[in-house]
Every structure is written in C-alpha cells, then in structure tokens.
Amino acid sequence: TYLLKFEGILYGISYGIIFCAFLYYIIIYFSTKMRCFLYYSLMQFFVLLSLIGFVYFSYQPYPLSIPQAIVDICETLSFLFTLLFAQSILNTKEKMPFIHKFINLFIFLNITDIFIYKYSILYEYIPFYIGFMIPLFAGFVAIKQGDKNAIVYTIGWIVVSIFIYVAEDWQITPISGIYVIHIGAPLESLIFSFALGYMLKTLVNEKNEKEKILIHQSKLASMGEMINNIAHQWRQPLTHLGFINMNLQLC
C-alpha cells in the first residue's frame, strides 16, 4: 500500500522528530559531557541520513552502487551508536561484563563492515533486526538485576525490532516497508527521548539536592565559626576576672 497523497506529511513529521531529538541531545551532551547523550544524538543523526538516503535513491531509475554504499554505511553507523548507547545507558561494563564484551565484539564487526568492505556485507547474511536483539537482551538482563530505568529503553528496542522486522518481511503487512520505517523510527525517538528526559530530570534533582546539602553545611560551618568567636570573646573577660580573684586571695 502506497500513501502517495500523505507520504510528504509522514516524511516531514518523521524527519522533524528525529532531527529535533538529535539537536536537543547533542546540546545536552555539551552541557553535561555524558557520553550516553552523545551516542544517542549520533544514532539519531545517522538514522535520519539513512532514511533520507533510502527515500531519495529509491526514486532513482536504476540502482547506484556508491549512493547505496553510503546509505548502508549510515545504517551501520546508526546501529553502531545504538550499541554504544546501550553500553553507556545500562552501564554494562560494571553491571554486565560478559554482555559488555559481547557488544564490543559486535561493535568490532560493524566497524570492520564499514571500513574494510565499504558497504554492508554483515547484514547481507544477518537480518538487520537481529542486531537490535543484543541491546534488547541487555535491557532484559538489566531489568532482572533490578534496574527499573531499563524498562523504557527495553520497550524502545522492542519497538525498533518489531518495526524493522515488519519492514523487512513485506508479507506481514500491506503497508510499504519504507512507510513502516518512517513510523517506527520517530516512535523510537519519542520513547528514548522520554526516558532520557526523565533521566536528565533525575540528574538535575540530584544536583539540586547536593547543592542544598552543601549550602546547609556551609551555614553550619559559618554558625560554628561564629559561636567560636563569641566563646573566645567571653573567655577574655572571664580570664581577667580569674586573675583579679587570685590577686584578691593573695592579698
């Protein structure tokens, strides 16, 4: 099914959501220096390039090898930063060392796929949605370990996996795969943006609480110093009175 009458609106909304997510969180990264925001924003950037390239070259009269290679590289890079984002947001290095190493292996395969072959050979043999099962599995492990924040991220990876699977298997739905991807990608952006926004709010609240504690400690320190000064002022006349009393006793 082709929605030619409304596809411009669909593409515009999809690209707008993804670009806003990229722009907003790259700014957040420069403010916080937290890598998870950088990885997420770059993931959105390459998703956007992949979608634009896929739509543009799909209207060409014959397949072009170099442009298709560029689209494949953008797709691989988007998945590469998805893996880095999963590692960072789930803290797999400390909490899930084995999964962290496994993700590193897949990151290496993706880098090799880009810089050695110049186009995606890896996903000629592996369905693209299978790759998203890796952060999805890591999310389930994090939830099992008690990380409630991982629930939203896991939902996001489930959504991505389902939409990519539906887009690749055209027999599941009469809707064109290109439309399915343009619906799923911004939906994933909204889910992750909600999760990262909540995380950012939590960080701001924690920072405010720490500042309140520091201010309270500073006030206590100032009060203690003032009390010491008052006590010192009281000790001086008391010391003189003590000397006078001793002199009177000697007389």
Side-chain angles (χ1 to χ4, degrees), residues 3 7 9-29 34-55 71-72 74-90 92 103 106-107 110 120 123 126-143 147-169 172-173 175-200:
L3 308 173
E7 69 177 11
I9 298 174
L10 174 63
Y11 295 161
I13 293 174
S14 178
Y15 299 156
I17 292 173
I18 296 171
F19 180 75
C20 288
F22 156 72
L23 188 62
Y24 180 72
Y25 284 102
I26 195 68
I27 294 172
I28 295 298
Y29 165 71
M34 295 181 65
R35 290 184 179 181
C36 61
F37 295 116
L38 174 64
Y39 296 148
Y40 176 75
S41 61
L42 291 176
M43 177 185 73
Q44 294 299 308
F45 177 72
F46 286 110
V47 167
L48 180 61
L49 291 183
S50 301
L51 292 178
I52 294 174
F54 185 71
V55 170
V71 174
D72 287 343
C74 289
E75 289 179 352
T76 306
L77 284 170
S78 68
F79 179 64
L80 177 66
F81 285 108
T82 298
L83 294 175
L84 290 170
F85 171 71
Q87 282 185 329
S88 178
I89 205 68
L90 298 177
T92 56
I103 294 176
F106 222 80
I107 289 173
N110 278 271
S120 181
Y123 298 108
I126 301 175
F128 197 63
Y129 71 88
I130 293 295
F132 286 92
M133 296 296 177
I134 299 171
L136 178 59
F137 177 73
F140 280 124
V141 173
I143 293 171
D147 186 359
K148 295 182 179 180
N149 294 326
I151 296 175
V152 181
Y153 302 110
T154 306
I155 292 173
W157 288 313
I158 290 174
V159 169
V160 173
S161 301
I162 291 174
F163 274 91
I164 292 177
Y165 176 74
V166 172
E168 289 184 344
D169 192 345
I172 294 178
T173 175
I175 301 176
S176 174
I178 193 170
Y179 297 144
V180 173
I181 291 297
H182 278 78
I183 295 171
L187 182 59
E188 168 266 335
S189 297
L190 292 173
I191 293 172
F192 282 150
S193 293
F194 170 78
L196 289 172
Y198 180 78
M199 173 184 169
L200 187 61

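Index from 1, following the sequence.
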Exercise for review: Classify the ring geometry between F19 and F22 as parallel (under 30°), tilted (30 to 60°) or perpendicular (over 60°).
Suggested key: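 Judged by the thresholds at 30° and 60°, the geometry between F19 and F22 is tilted.
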
Review point. Taking the six-membered ring for Trp, are F194 and Y198 parallel (under 30°), tilted (30 to 60°) or perpendicular (over 60°)?
Key: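 Parallel.
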
Please round to the nearest 0.5 Å and tell me the distance separating atom [atom1] of [X] and atom [atom2] of [Y].
X	Y	atom1	atom2	value
L42	S78	CG	OG	11.0 Å
C36	M43	SG	CE	11.0 Å
L83	F81	CG	CZ	11.0 Å
L38	I28	CG	CD1	13.0 Å
I13	H182	CD1	NE2	11.5 Å
F37	Y24	CZ	OH	8.5 Å

Practice item. Before giving the answer on side-chain contact (heavy atoms from CB on, under 4.5 Å), spell out for N149 and M199 the whole-Å C-alpha distance, their side-chain angles and the decisive distance to 0.1 Å. Key: CA-CA 8 Å; N149 294 326; M199 173 184 169; over 6 Å; no

Check: [Y] main-chain N/O paired with [X] side-chain donor or acceptor under 3.5 Å:
X	Y	value
S50	E75	yes
T154	A150	yes
Y40	S189	yes

Point to revise | From CA spacing to verdict: side-chain contact (heavy atoms from CB on, under 4.5 Å), I89, L196 | key: CA-CA 9 Å; I89 205 68; L196 289 172; 3.9 Å; yes

Exercise for review: Assess whether atom OH of Y15 is packed by more than 12 heavy atoms of other residues, nucleotides or ligands within 6.0 Å.
Suggested key: yes

Write down the atom of [X], the atom of [Y], and the distance for their closest heavy-atom approach.
X	Y	result
A195	V152	CB-CG1, 3.5 Å
I18	L51	CD1-CD1, 3.6 Å
L90	P135	CD1-O, 4.5 Å
L49	C74	CB-SG, 3.9 Å

**Study point:** Short side-chain donor-acceptor distance under 3.5 Å, Y25 and S193
**Key:** no

Review point. Does the gap between the ring centers of F85 and F192 come in under 6.0 Å?
Key: yes

Review point. Using the benzene-type ring in the case of Trp, are the ring centres of F79 and F132 under 6.0 Å apart?
Key: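 F79 vs F132: aromatic centres under 6.0 Å.
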
Review point. Going through the checks in order, is the side-chain contact (heavy atoms from CB on, under 4.5 Å) test met by I183 and L187?
Key: CA-CA 6 Å; I183 295 171; L187 182 59; 5.5 Å; no

Point to revise | Note, I191 side chain near E188 side chain (heavy atom, < 4.5 Å) | key: no

**Study point:** Minimum side-chain heavy-atom gap W157-T82 below 4.5 Å
**Key:** yes

Practice item. Run the numbers on F140 and I158 for side-chain contact (heavy atoms from CB on, under 4.5 Å), then give the verdict. Key: CA-CA 11 Å; F140 280 124; I158 290 174; 4.1 Å; yes

